[in-house]
Amino acid sequence: MEDITTRTQVEFLVDRFYEEIVRDNVIGFFFTDIAKIDLSKHLPKMYNFWESILLGNPVYEGNPMRVHFPLNEVAALEERHFNRWLQVWEKTVHDHFEGPTAETAVTRALNIARIMSYKMTNARSLE
Ligand code: HEM
């Protein structure tokens with residue numbers, strides 16, 4: 001298996017992840033029922049986000065934390081949801097890629113998810 005070195009591979013990885021996540025029993029509803037995301041608009045943002053992290057090209061402009069707070073107000077984003085997100089992400093990465101950048105994809109997601117989970121729980125306790 002190859003490592004992740006190109007935009008095309010980043011897009012492939014994100015596409016495979018979204019194929020799974022939108023029909024996932026545990027967290028699919030956040031995407032389909034709560035946010036009702038338009039994949040044609042959402043996926044390019046995710047490609048840019050991961051290209052910035054994995055390939056070091058600063059193409060993502062946005063705030064990944066911010067968009068999750070309104071979701072959290074409609075339906076709590078709990079630790080178990082983040083665990084499921086991470087499980088699907090890690091499996092998708094490891095099903096297709098191997099190498100240092102693939103490992104970065106897993107560890108960066110874990111770090112971001114931990115911070116995000118903490119912030120979401122904290123936001124709920126302040127209400
Ligand atoms: C339970 C876990 C998660 C759920 C259910 C979730 C759900 C969502 C949804 C529904 C959106 C679209 C929001 C909108 O456009 O209205 C979104 C955006 C996004 N998510 Fe998550 N997410 C989760 C965890 C994560 C994690 C761990 C990361 C990063 C590693 C992440 C990165 C992003 C990014 C970069 C965006 C796009 C932000 C932008 O519009 O610029 N998400 N997420």
Side-chain angles (χ1 to χ4, degrees):
M1 271 193 289
E2 305 170 311
D3 201 359
I4 304 162
T5 57
T6 67
R7 168 79 179 199
T8 307
Q9 288 169 316
V10 169
E11 292 185 4
F12 177 88
L13 171 63
V14 170
D15 286 347
R16 298 291 83 71
F17 176 70
Y18 273 86
E19 274 170 12
E20 292 298 321
I21 215 72
V22 296
R23 57 189 179 84
D24 185 78
N25 291 335
V26 184
I27 58 172
F29 74 98
F30 282 107
F31 298 88
T32 54
D33 299 356
I34 309 262
K36 298 188 175 70
I37 53 163
D38 174 349
L39 281 176
S40 69
K41 295 204 177 92
H42 180 66
L43 289 178
K45 291 181 194 165
M46 300 312 291
Y47 303 151
N48 288 345
F49 175 73
W50 284 109
E51 179 177 346
S52 298
I53 292 180
L54 300 177
L55 307 182
N57 305 327
V59 289
Y60 174 71
E61 288 177 359
N63 182 332
M65 289 297 160
R66 197 174 46 84
V67 301
H68 298 84
F69 285 108
L71 296 177
N72 188 45
E73 283 180 17
V74 182
L77 280 162
E78 295 171 0
E79 198 174 356
R80 65 193 173 93
H81 298 126
F82 287 98
N83 289 341
R84 181 65 187 152
W85 191 105
L86 286 166
Q87 206 175 29
V88 176
W89 178 254
E90 189 172 342
K91 183 179 187 314
T92 311
V93 172
H94 286 151
D95 276 351
H96 302 286
F97 298 100
E98 186 176 71
T101 307
E103 287 323 297
T104 299
V106 173
T107 53
R108 285 298 296 273
L110 179 62
N111 290 337
I112 297 166
R114 277 199 188 124
I115 297 165
M116 210 182 263
S117 181
Y118 172 81
K119 289 191 176 199
M120 296 306 139
T121 305
N122 208 27
R124 291 197 300 277
S125 73
L126 295 172
E127 274 164 14

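Ligands are counted one by one from 1 in listed order, and the atoms in each one are counted from 1 as well.
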At a 4.0 Å threshold, what atoms of ligand 1 neighbour a non-hydrogen atom of [X]?
X   : value
L77 : 1 (C), 4 (C), 5 (C)
K45 : 39 (C), 40 (O), 41 (O)
F49 : 29 (C), 35 (C)
A35 : 10 (C)

Can an N or O of H81 be found at a distance shorter than 3.5 Å from an N or O of ligand 1?
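Min N/O separation from ligand 1 is not below 3.5 Å for H81.
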Would you say atom 21 (Fe) of ligand 1 makes contact with the protein, given that contact here means a non-hydrogen protein atom less than 4.0 Å away?
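Yes; the ligand atom in question has protein heavy-atom contact below 4.0 Å.
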Please set out all donor-acceptor pairs under 3.5 angstrom arising from side-chain atoms of residues 106-118, sequence neighbours excluded.
{"residue": "T107", "atom": "OG1", "partner": "E103", "partner atom": "O", "Å": "3.1"}
{"residue": "T107", "atom": "OG1", "partner": "T104", "partner atom": "O", "Å": "3.4"}
{"residue": "N111", "atom": "ND2", "partner": "T107", "partner atom": "O", "Å": "3.4"}

Is it the side chain, the backbone, both or neither of [X] that has a heavy atom closer than 4.0 Å to ligand 1?
X   : value
L71 : side chain
I37 : side chain
W89 : neither

Side chain proximity check, T101 to T5, heavy atoms < 4.5 angstrom:
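Counting from C-beta outward, T101 and T5 never come under 4.5 Å.
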Are R16 and V93 packed together at the side-chain level, in the sense that at least one heavy-atom pair is separated by less than 4.5 angstrom?
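No. Closest side-chain heavy atoms not under 4.5 Å.
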Do any side-chain atoms of residues 31-38 form donor-acceptor pairs under 3.5 angstrom with protein atoms, and if so which ones, sequence neighbours left out?
{"residue": "T32", "atom": "OG1", "partner": "G28", "partner atom": "O", "Å": "3.1"}
{"residue": "K36", "atom": "NZ", "partner": "D33", "partner atom": "O", "Å": "3.0"}
{"residue": "D38", "atom": "OD1", "partner": "S40", "partner atom": "N", "Å": "3.0"}
{"residue": "D38", "atom": "OD1", "partner": "S40", "partner atom": "OG", "Å": "2.7"}
{"residue": "D38", "atom": "OD2", "partner": "K41", "partner atom": "NZ", "Å": "3.4"}

Tell me the protein N, O or S atoms under 2.8 Å from atom 21 (Fe) of ligand 1, in chain and number order.
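Under 2.8 Å from atom 21 (Fe) of ligand 1 - ignoring waters, which are not counted - the protein N, O or S atoms are H68 NE2.
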Residue pairs passing the ring pair (Phe, Tyr, Trp, His ring centres under 6.0 Å) test where at least one lies in residues 53-76, sequence neighbours excluded
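For residues 53-76: F49-Y60.
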Please compare M46, R84, H42 and report which has the shortest non-hydrogen distance to atom 32 (C) of ligand 1.
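Nearest option to atom 32 (C) of ligand 1, by heavy atoms: M46.
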